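Working notes, beginning with the structure itself.
Proteins come first, then strands; the chains are lettered A, B, ... in the order of their sequence lines, and each starts at number 1. Computed from a predicted structure; not experimentally measured.
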Protein chains: 2
Amino acid sequence: MDELDSEIVRILQANARISNRELARMIGVAPSTCLERVRALTRRGVIRGYHADIDLKALDRGVQALVALQIRPLSRAVIDAAIGYVSTLPEVIGVFTVAGGDDIVLHVAVRDLEDLHAMLLDRLSKRPEIAGFRTSVIFEHVRNRVLTPLSIIDPSGS
Amino acid sequence: MDELDSEIVRILQANARISNRELARMIGVAPSTCLERVRALTRRGVIRGYHADIDLKALDRGVQALVALQIRPLSRAVIDAAIGYVSTLPEVIGVFTVAGGDDIVLHVAVRDLEDLHAMLLDRLSKRPEIAGFRTSVIFEHVRNRVLTPLSIIDPSGS
DNA sequence: TCTGAAATGTGTTCAAT
DNA sequence: ATTGAACACATTTCAGA
């Protein structure tokens, strides 16, 4: 992960469909060199894939929520089963396993509030290991899609 | 958004760097047709971009957390200012504005627990509008990167 | 490791349907 | 809207530095 690799990673996060030639031009190496760098990054697992970002409203899934679950009893088997279950739900677009008052936080995207309500009642309430949940409707979700190593940046907090 | 568009969207979410020819072959149309479909989807805002997925550990940011913030006083101006502020923080990889007990939920990725602690103290505690926060360290985060319209799927909750 | 050049394959346009 | 064919351009390989 030298300077060139960091630049490649930065640019491909911003635009995964840039051509290899353009990418090579931007970082100042030959296309063949650039191609080999990208392949090495992929081989090493640094680049994990390339994904189109789709407007959730276009999928008729404009309503999002965070749902914090409490799991009981809190054994590995039970928590693994709960994670396995919620991961199969089509409404769920992300699963966080966390430490603290909650055990699992779901990021869900559904059509409307009615579907959200139905999902909570029909899919979560009936599971005995889900002892409780708190739902927070999301007004807005902004993601930073271009992540850099933090060490570069001012660590003083000023 | 007919059947062909849905297929395109599905495939590009799974692999954004697929060639247009291969994509055309998979959905059974000519490359020129496929190209025009993809362009139309982009023009209409359905496809919002293409992004490489990078391993956070490779960026030396293997520790993630959700940080739920309470903002006071809860006016539009204050909440907008808070969102604007947290969005500038390099540690923050996602910002959820939510309804409920919390006002903002941050998704952060840092090097280690020490950096997390420093971020909370140096960057959040000193902001007067941040009246309190709860931090949940993330053990695991799984995302579903291929989202489909929900209407296709069994709505009974069975 | 990087490069330039050759070969193979692809993106893109356009006239026709 | 979709197509096939043509052209320009890109990806990929590989021998040599």
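The side chain of A:Arg25 contributes no N or O atom lying less than 4.0 Å from OP1 or OP2 of D:dC9.
Atom-to-atom, CG of A:Leu41 to P of C:dT1 comes out at 13 Å; the value is rounded to the nearest Å. Look at CD1 on B:Ile18: it is 17 Å from C1' on D:dA10, rounded to the nearest Å. Note: CG (A:Leu35) to C1' (D:dC9) measures 16 Å, nearest angstrom. What separates CZ of A:Arg17 from P of C:dT10 is a distance of 12 Å, to the nearest Å. Between B:Ile27 atom CD1 and D:dT3 atom P there is a gap of 9 Å when expressed in whole angstrom units. When the C1' atom of D:dA1 is taken as reference, atom CZ of B:Arg39 falls 14 Å away, rounded to whole Å. The CE atom of A:Met26 sits 17 Å away from the C1' atom of D:dA10 (whole-angstrom rounding).
Within the 3.5 Å criterion, the main-chain N or O of B:Pro31 finds a donor-acceptor partner in the side chain of B:Asn20.
Taking both residues in full, the closest heavy atoms of A:His51 and B:Gln13 are given as ND1-O, 2.7 Å, listed atom of the first, atom of the second, then distance. Heavy-atom minimum distance, A:Asp2 versus A:Asp5: OD1-N, 3.0 Å. Considering every non-hydrogen atom in both A:Leu150 and B:Val110, the closest pair reads CD1-CA, 3.8 Å. Shortest non-hydrogen contact noted between A:Arg10 and A:Glu7 is NE-OE2, 2.9 Å. The two residues B:Leu12 and A:Arg17 come nearest to each other via the heavy atoms CD2-NH1, 3.8 Å.
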Strictly under 3.5 Å: I want the nitrogen or oxygen pairs between protein and nucleotides 2-6 of chain C, one per line.
unit_1	atom_1	unit_2	atom_2	d
C:dC2	OP1	A:Arg37	NH2	2.7
C:dC2	OP2	A:Arg37	NE	3.3
C:dT3	OP2	A:Ala30	N	3.1
C:dT3	OP2	A:Thr33	OG1	2.6
C:dG4	O6	A:Ser32	OG	2.8

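A heavy-atom distance below 4.5 Å is found between the side chains of B:Ile93 and B:Arg61.
Ionic pairing of A:Asp55 and B:Arg44 is not present here: no N-O contact between side-chain nitrogen and carboxylate oxygen is shorter than 4.0 angstrom.
Rounded to 10°, the helix from C:dT1-D:dA17 to C:dT17-D:dA1 has 30° between the axis fitted to its first five pairs and the one fitted to its last five.
Using a 4.5 Å cut-off between side-chain heavy atoms of Ile, Leu, Val, Met, Phe, Trp and Tyr, with links allowed through other members, A:Leu23 and A:Ile47 fall into the same hydrophobic cluster.
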